[in-house]
Protein chains: 2
Amino acid sequence: MEPVNLKYLAKELGLATSTVSRALRNSHEISDETKQRVMAMAKKLNYEPNPYASSLRKQKSKTIGVIIPEIANNFFILVINGIEAIAREKNYHVLIYLTHEDYEREKYIVQHLQNGRVDGILMSVSSETVNVDHLMDLQDKGLPIVFFDRVCESIPTAKVTTDDYNCGYLATEHLIKQGCKNVAYFSFSRQSINSKRMAGYEDALKKYGIPLKPHLIVSGTTNDTENYKLIKKLLSSKQRPDGIFSAVEKMAVSTYNVCADIGLNIPNDIKIVSFSNLEVAPLLHPSLTTITQPAFDIGKEAVSILFKSLEKKNYTLPDETFILKSALVVRDSTKKSA
Amino acid sequence: MEPVNLKYLAKELGLATSTVSRALRNSHEISDETKQRVMAMAKKLNYEPNPYASSLRKQKSKTIGVIIPEIANNFFILVINGIEAIAREKNYHVLIYLTHEDYEREKYIVQHLQNGRVDGILMSVSSETVNVDHLMDLQDKGLPIVFFDRVCESIPTAKVTTDDYNCGYLATEHLIKQGCKNVAYFSFSRQSINSKRMAGYEDALKKYGIPLKPHLIVSGTTNDTENYKLIKKLLSSKQRPDGIFSAVEKMAVSTYNVCADIGLNIPNDIKIVSFSNLEVAPLLHPSLTTITQPAFDIGKEAVSILFKSLEKKNYTLPDETFILKSALVVRDSTKKSA
DNA sequence: TTGAAAGCGATACCAT
DNA sequence: ATGGTATCGCTTTCAA
C-alpha cells in the first residue's frame with residue numbers, strides 16, 4: 001500500500017509538493033481554489049503529515065518535556081492536568097519523564113533531552129539533586145526550562161512556586177495555637193523548597209519561644225516502609241511529639257498508618273497538618289488539616305511562561321520566581337483536645 | 001555555534017558520516033579502534049543523535065502513545081507507572097493523551113496518531129465511546145494497539161482486563177450477605193467493562209432472589225457536582241438503598257460526601273463497596289471496602305504485549321483478552337450493622 | 001500563484 | 001573496514 005504523504009498527494013492533484021505543503025498550511029500565496037482542492041483531497045485520503053519530517057525540517061518538535069520525581073502524587077497529577085490543558089490549546093504534545101527521585105536518572109533524562117526532542121522543559125527537581133551541572137548544560141544549549149515547586153535556585157530561569165516559607169510558618173503556628181508543645185517536622189527532600197518550609201517552621205518555633213529539638217526533624221525517603229518505621233520509632237518513643245508538620249503528603253499518610261497501628265489518637269494524642277493535595281483529605285479519619293497548593297494553576301502558570309519563550313524569538317526567560325498562594329485548610333486532625 | 005551532528009563529528013574525526021553512524025551503534029563491521037575514537041569524540045563533544053532524523057529514516061519513533069480518559073485517578077496513574085517501568089527498560093518514550101471522557105477528543109487524538117508519531121498505542125476508551133470506526137482505522141493502518149480495562153470488544157486485538165463480571169458478582173453478594181436488601185449500582189460508563197460489572201451485579205441479585213430495581217441504577221457523569229446531586233437525590237428519597245456497589249471510585253467518593261452532608265451513617269444506614277485503587281481507602285471514615293485492581297500489573301502486562309508486536313516483524317496481536325484478578329478487600333464501610 | 005530543488009540529520013545500500 | 005550517496009517526508013528559498 002502506497003503511503004499517503006505529500007508526494008503522493010501532489011501526484012494525485014497534479015501539483016508540486018511545495019504547493020500542496022503551502023496549501024495545507026493555508027499560505028496566503030496559494031489561490032483559494034487550489035487550497036480547496038488540496039484540503040479536499042487530503043481529507044479524502046486521510047492524509048496526516050509526518051511529524052518527524054516536519055520537526056526535522058523546522059527544528060521544532062511542538063513537544064514539551066515534563067520531568068517530575070513521581071506521578072503517584074496528586075500534586076503532580078494536577079500540575080500535569082494544568083500543563084495539558086494549555087498544551088492542548090496550543091497543539092503541543094507532552095512527554096512525561098519520571099526521575100523516581102533518582103539523581104542519576106534525572107541526569108540521564110536531562111542529558112538526552114538536549115537532542116531536540118522537546119522544545120522546552122518543565123521540571124520539578126528530584127529530592128536527591130544537589131549538583132546542577134546537567135541543568136546548566138541545558139541553559140547553555142538554549143533549551144528553555146521552567147522550574148515549578150521544587151525549583152533550582154541557582155539556575156537563572158523562571159520558577160513557579162508557592163509561598164512555602166509563609167505556609168511553613170502558618171502551619172507550625174497553627175499547631176502551636178492548638179496547644180502543641182513539641183512540634184515535629186517531616187520531609188524528605190533536601191531541596192530549597194523544603195528548606196523554605198522548614199525555615200518557616202523554625203521561625204514559628206522561635207517566635208513562640210519553643211526550642212527546636214533535632215530529634216523531631218525527620219527526613220524520610222521514597223520508601224514508604226522505611227518511613228513507616230522511622231515514624232513508628234519516633235511516635236513510640238518517650239520523646240514523641242504532640243504535633244507534626246509534614247512537608248510531604250506521603251509522610252502524613254504513613255503517620256496515619258502508624259497512629260492507627262500503635263493506637264495513638266489524632267488529634268487528641270497528636271495533631272498533624274500536612275502539605276497535601278489529597279482529594280479525600282476531608283474524608284480521612286480524622287479529616288486532615290492541609291496546606292493545599294494550587295497545583296492545577298501552578299501547571300498552567302509554568303507552561304504559560306514556557307510558551308512565551310517558545311513563541312517569541314530570542315526571548316530569554318527571566319530569572320524570576322512567580323509565587324502562587326497555598327491555603328491552610330483546617331480540619332479535624334488539628335482539633336483542640338477536649 | 002556549530003551544531004554537533006553526525007556530519008560535524010565525522011569532520012572532526014576525518015571519517016565518513018556513515019562510518020561514524022555505524023561506530024556509534026556498535027556495528028560489527030567497524031574496527032574496535034575506530035569505535036573507540038568515535039565514542040570518545042562523541043562523548044567529548046556531548047553528541048546527542050537527533051531523534052527526529054532517526055525516526056524519519058527508520059520509520060520508527062521508539063515512542064508509545066497512552067490514551068486514557070483522565071489522569072486524576074489512581075488506577076490510571078498506577079497503570080502509567082507500570083507502563084513507564086517497562087518502557088524505560090526498553091528505552092521507549094511515553095506520550096500521554098487525555099480524552100477527558102470526550103468522544104470527539106478521543107477521535108481527534110486517534111486520528112492524529114496515525115501519522116507515525118508513535119509505534120504503538122495503549123488505550124482505555126472513553127465512557128462516551130460507542131462508535132469505533134476511528135479505532136478500526138488504526139487497525140487498518142497497521143498501528144498496533146492494546147486495550148486495557150475499558151476495552152473495545154469489537155476490535156480484534158489484545159486486551160487486558162480484570163475479572164469484572166466476577167468482581168461485580170462478589171461485591172454485590174458481599175453486600176447482600178452483610179444484610180443489604182436494596183442494593184444500588186453506580187457507574188458512569190456505557191462500556192463493556194461496566195456492563196460486565198453490572199452483569200455480575202444483576203446475577204448476584206437474581207441468585208439471592210432480590211428483584212432488580214431500576215431506580216437504584218445510577219449513571220453518573222464526569223462532573224462531580226452533578227454526581228453529588230444525583231446521589232443526594234437518591235439517598236434522600238424514601239426509596240433509598242441500604243447498599244451501594246459503585247463501579248467507579250469517583251461515585252463512591254461523592255457518596256461519602258453526600259452521606260456526611262445529609263447525616264447518613266456508613267455502614268449502619270447504608271453500606272458501600274467500590275472499585276477503587278485509592279491508596280488511603282483504609283484511612284477513610286469509615287474505611288472503604290474496595291475491589292482493588294492490579295493496576296500496576298495491568299500496565300506492565302499491556303505494554304509487554306504491545307512490545308511483542310513492536311519487536312517482532314509481521315506479528316499481529318492476537319484477538320485475545322488477558323484477565324488479571326482483582327481483589328475484594330473488606331473494610332468497615334460494609335460492616336454489619338450492630 | 002506555482003514549481004524545482006536544496007536541505008534538515010541519520011541510516012542503509014552499494015561500492016571499494 | 002570504510003566511504004559515497006540516495007533516501008525518509010516535509011519546508012523553504014529561489015525561479016519562473
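All of these numbers come straight from a predicted model, not from anything done at the bench. Below, read A as the first sequence line, B as the second, and so on, with proteins coming before strands; counting in each chain starts at 1.
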Please give, in whole Å, the distance from C/dG7 P to A/L6 CG? 19 Å
Could you give the NZ-to-P distance, from B/K7 to C/dT11, as a whole number of Å? 16 Å
Heavy atoms within less than 4.0 Å of DNA chain D: which residues of residues 47-61 of chain B have one? Give them sorted by number. B/L56, B/R57, B/Q59
Using the salt bridge (charged side-chain N to carboxylate O under 4.0 Å, His left out) rule, pick out the option among A/K90, A/K60, A/K62 that qualifies with A/E311. A/K90
Ordered by number, residues from residues 19-44 of chain B within less than 4.0 Å of DNA chain D (heavy atoms) are B/T19, B/R22, B/H28, B/E29, B/I30, B/S31, B/T34
Just verifying a value: how many Å separate B/L143 CG and B/L113 CG, rounded to the nearest 0.5 Å? 7.5 Å
Do A/E70 and B/N81 pair up side chain to side chain, a donor and an acceptor below 3.5 Å, judged on atom types alone? no
For the pair made of CG in B/L13 and C1' in D/dT2, what is the distance, rounded to whole Å? 13 Å
Quick check on DNA chain D: between A/V4 and B/G14, whose nearest nucleotide comes earlier from the 5' end? B/G14
I'd like to know if B/E101 pairs up with B/R150 as an ion pair, taking the criterion as any Lys NZ or Arg NE/NH1/NH2 lying under 4.0 Å from an Asp or Glu carboxylate oxygen. yes
A/N5 CG to D/dT7 C1', straight-line distance once rounded to whole Å: 12 Å
To the nearest angstrom, the NZ-C1' distance between A/K11 and D/dC10 comes to 17 Å
Expressed in angstrom and rounded to an integer, what is the separation of B/K62 atom NZ from C/dA10 atom P? 16 Å
Separation of A/I68 CD1 from A/I96 CD1 (nearest 0.5 Å): 6.0 Å
Show me the donor-acceptor pairs within less than 3.5 Å that the side chains of residues 297-307 of chain B make with the rest of the protein, sequence neighbours left out.
from	atom 1	to	atom 2	distance (Å)
B/S304	OG	B/K300	O	2.6

Using side-chain contact (heavy atoms from CB on, under 4.5 Å), reason through B/H93 and A/H112 one step at a time and then give a plain yes or no. CA-CA 11 Å; B/H93 297 254; A/H112 279 70; over 6 Å; no
Could you check whether B/T162 and B/Q293, counting side-chain N and O atoms only, form a donor-acceptor pair closer than 3.5 Å? yes
